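Report on the structure given below.
Keep in mind that this is a model prediction, so the values were computed, not measured. Whatever order the structure lists them in is the order used to number ligands and atoms, beginning at 1.
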Amino acid sequence: MVFVKSFAVNGSHVRRTDQVLEVDFPYMQTSVEMEPKSTEAVAVLVKQMYTFRTQLKVARLGVMLVGWGGNNGSTLTGALISNKRQISWNTAKGPRAPNLFGSVVMSSTVRVGANSAGEDVFAPMHELLPMVHPDEIVLGGWDINRANLAHAMQRAKVFDYDLQRRLIPHMESLAPLPSVYYPDFIASNQEQRADNVLPGDNKTEHLNIIRQNIREFKRDKNVDQVIVLWTATTERFSEVVPGINDTAENLLDAINASEEEISPSTLFAVASILEGAPYINGSPQNTFVPGCIQLAERKGVFIAGDDFKSGQTKFKSVMIDFLVNAGIKPTAIVSYNHLGNNDGHNLSAPSQFRSKEISKSNVVDDMVKSNRILFRDDEHPDHIVVIKYVPTVADSKRAMDEYTSEIFMGGTNTVITHNTCEDSLLAAPLILDLVILCELFCRITYKTSSTDGFMPFHHVLSFLGYMLKAPLVPSGTPVVNALFKQRACIENVLRVCSGLPVEDDLRLEHHVHSVDMRNRSESNCNIVKNVCRRDHEEFYANGSLANGNGSVTSSRSRTRPGDSKPKV
Ligand SMILES: NC(=O)c1ccc[n+]([C@@H]2O[C@H](COP(=O)([O-])OP(=O)(O)OC[C@H]3O[C@@H](n4cnc5c(N)ncnc54)[C@H](O)[C@@H]3O)[C@@H](O)[C@H]2O)c1
Ligand SMILES: O=P([O-])([O-])O[C@@H]1[C@@H](O)[C@H](O)[C@@H](O)[C@H](O)[C@@H]1O
């Protein structure tokens, strides 16, 4: 295998200028024709030509976190500073260097193709298209607690002490803006944190202040784009009330009337949408009430959610995909976890736990519904979710799962897992992926023979489902929870927008009679390889490359659009 730091795709289907990359893509689908209640079907192959257009200029990106002073917010902030400044730290086991492990965009690779020797060539996912580099992201946000980010980081107890010590000078000047606090939506045990709240209960005033905060942040930080992301405390579900939050008009009127059922998270979503800022919900509550979704559609602003998929649930979406697609029938999934961070404290309250229980429980539905050999229409594995608050373990969440399945000829298979998830160290890189990909999708448009010119993707950005437990999807479309299908969706949309083919793992070239790889016909797609095998091993050894003059270049490519890509 060979690893390259960057590549360009050439071919008659690719048109590139300094500003724009346009790619033609023949999208093949099957339209299934069948009579109602019939079990016979006919699949007809349908090809639709898409042209994808990507604006290559990456936005100067500002990210405003709601709940900035929380474990996730402070951990992400410290991690970005540590990576940008290359702040290493000492531990009992020796020195540690910053990294971005757990970010699918920054730390996973894609197969670009095979070279003339038949070797697979891999590149970083973030090299598929120009994306925001984490070093360039400007962070800000709100919190109902006034602690500065240095204090918040220390309170979170996530980073090693020596790293905390080294980060404090860079974080103590960062302070969250005061936020909206409506006690009824989060556990009463959170009241002690609420010392940084907007006065009064006039929701129109609160909305306008949040909107002003977004405008001022964009101006003062000199960013081109702002994305608002909720990583604040899990709220109880909002009741969807006709006349209150069922349409965009009713929702805006309800805010003007300071209706009680309008949650802080929905207020933030409305403010973001009205300011043209994409809004992402990292928690399980139903922020996106129907009126909010309709408002996002009206304004053409991306929304995505719900609930970061970080540890136990992420693993579950792999296990159930494996079992069901192996023809094995899961009959019971018992998920228990305990955690001791403030999130866990909030989740110890029934209404907030219920929000999380829903998002953690629905993650198997797509896989179960896909296999009527194993499951009857109304059949579903027993699925239990338990969350307990144990202060001692702090952010180091323990997840214990038991998967019981029916196997061949009446057999039973039971898999028991114990997963210690450093909650915030698993969630923070997902926040990075969510905002990097969201910024990219804001620069991609598409056209087909049936569109009126180039159009943005649907305002419900369901491509981001990989990072979320309960992916919000456009009305009437299926929810996909299987983790590797979700990842394949992201990789393939980026591949086709870059000019590469979909990765279908068919690999026919390896299954047909041996072809002398040296005689492979020269494809019309040239891959630029600029790193030899030695560098490849060195890259993997320490994530950096020694170039010709002995100096070390960062393993994170800083290729910018328009840079002349080295040619071999
Ligand atoms: N692995 C994970 O950590 C993980 C995974 C999935 C989902 N989540 C969700 O992410 C969220 C954050 O997790 P965390 O561990 O950082 O929790 P946390 O309690 O440490 O942080 C939440 C922060 O939000 C603040 N807050 C509460 N209400 C607010 C409001 N109305 N406006 C602004 N700030 C507000 C709190 O003061 C706190 O600082 C939670 O909802 C959690 O369920 C976390
Ligand atoms: O690990 P995972 O299931 O993806 O998600 C986590 C839950 O297991 C945990 O109970 C909760 O406190 C975290 O906020 C997060 O939701």
Between S179 and D143, do the side chains contain a donor N or O and an acceptor N or O under 3.5 Å apart?
no
Any N/O pair T313/ligand 2 closer than 3.5 Å
yes
For ligand 1, which atoms sit closer than 4.0 Å to a heavy atom of N342?
19 (O)
Determine whether any heavy atom of D143 lies closer than 4.0 Å to an atom of ligand 1.
yes
Out of T233, N72, L177, I144, who is nearest to atom 3 (O) of ligand 1 when you count heavy atoms only?
N72
Tell me, yes or no, whether the heavy-atom count around E260 atom CD, taken from other residues, nucleotides or ligands under 6.0 Å, exceeds 12.
no
At a non-hydrogen distance cut-off of under 4.0 Å, which region of S179 contacts ligand 1 (side chain, backbone, both, or neither)?
side chain
Against heavy atoms of G282, which atoms of ligand 1 measure under 4.0 Å?
7 (C), 8 (N), 9 (C), 10 (O)
Salt bridge (Lys or Arg N to Asp or Glu O under 4.0 Å) against R60, all qualifying residues, sequence neighbours excluded
none
Validation row, ring centre F302 to ring centre H459 under 6.0 Å
no
Name the closest protein heavy atom to atom 10 (O) of ligand 2, giving the residue it belongs to and the distance to 0.1 Å.
N337 ND2, 3.0 Å
Considering only heavy atoms of V66, which atoms of ligand 1 have at least one such atom less than 4.0 Å away?
32 (N), 33 (C)
Which ligand 1 atoms does P264 reach within 4.0 Å, using its non-hydrogen atoms?
31 (N)
Below a 4.0 angstrom heavy-atom separation, can you tell me which part of K397, side chain or backbone, both or neither, approaches ligand 2?
side chain
Suppose we measure from atom 6 (C) of ligand 1 to each protein heavy atom; which comes out shortest, and what is that distance?
F308 O, 3.1 Å
How far is atom 5 (O) of ligand 2 from its nearest protein heavy atom, and which residue and atom name does that atom have?
K469 NZ, 3.0 Å
K329 to F375 six-membered ring, cation-pi geometry met (6.0 Å, 45°)
yes
Interfacing atoms of ligand 1 (cut-off 4.0 Å, heavy-atom, A427)
1 (N), 2 (C), 3 (O)
As a quick check of understanding, evaluate ring pair (Phe, Tyr, Trp, His ring centres under 6.0 Å) for W142 and F268, giving each step before the final call.
CA-CA 10 Å; W142 304 264; F268 270 99; 4.8 Å; yes
Would you say K356 touches ligand 1, if touching means a heavy atom closer than 4.0 Å?
yes
Atom 7 (C) of ligand 2: which protein heavy atom is closest, and how many Å away?
K360 NZ, 3.2 Å
Under 4.0 Å from any heavy atom of N71, which atoms of ligand 1 are there?
15 (O), 16 (O), 18 (P), 20 (O), 21 (O)
Using only heavy-atom distances, determine whether the side chains of E261 and S238 contain a donor-acceptor pair under 3.5 Å.
no
Protein heavy atom at shortest distance from atom 12 (O) of ligand 2:
D343 OD2, 2.8 Å
Applying a strict 4.0 Å limit to heavy atoms, is G311 in contact with ligand 1?
no
Part of L339 with heavy atoms under 4.0 Å of ligand 2, whether side chain, backbone, both or neither:
side chain
Please list all pairs meeting ring pair (Phe, Tyr, Trp, His ring centres under 6.0 Å) that have one or both residues in residues 162-203, counting only residues at least two apart or in different chains.
Y182-H206
Exercise: identify the closest heavy-atom pair between D201 and S258
O-OG, 3.4 Å
Can you check whether P474's main-chain N or O pairs, donor with acceptor, with T477's side chain at less than 3.5 Å?
yes
What atoms in ligand 2 come closer than 4.0 Å to a heavy atom of K356?
11 (C), 13 (C), 14 (O), 15 (C), 16 (O)
Enumerated ligand 1 atoms positioned under 4.0 Å from heavy atoms of S283:
9 (C), 10 (O), 11 (C), 40 (C), 41 (O)
Using a strict 4.0 Å cut-off to heavy atoms of K469, name the atoms of ligand 1 that fall inside it.
6 (C)
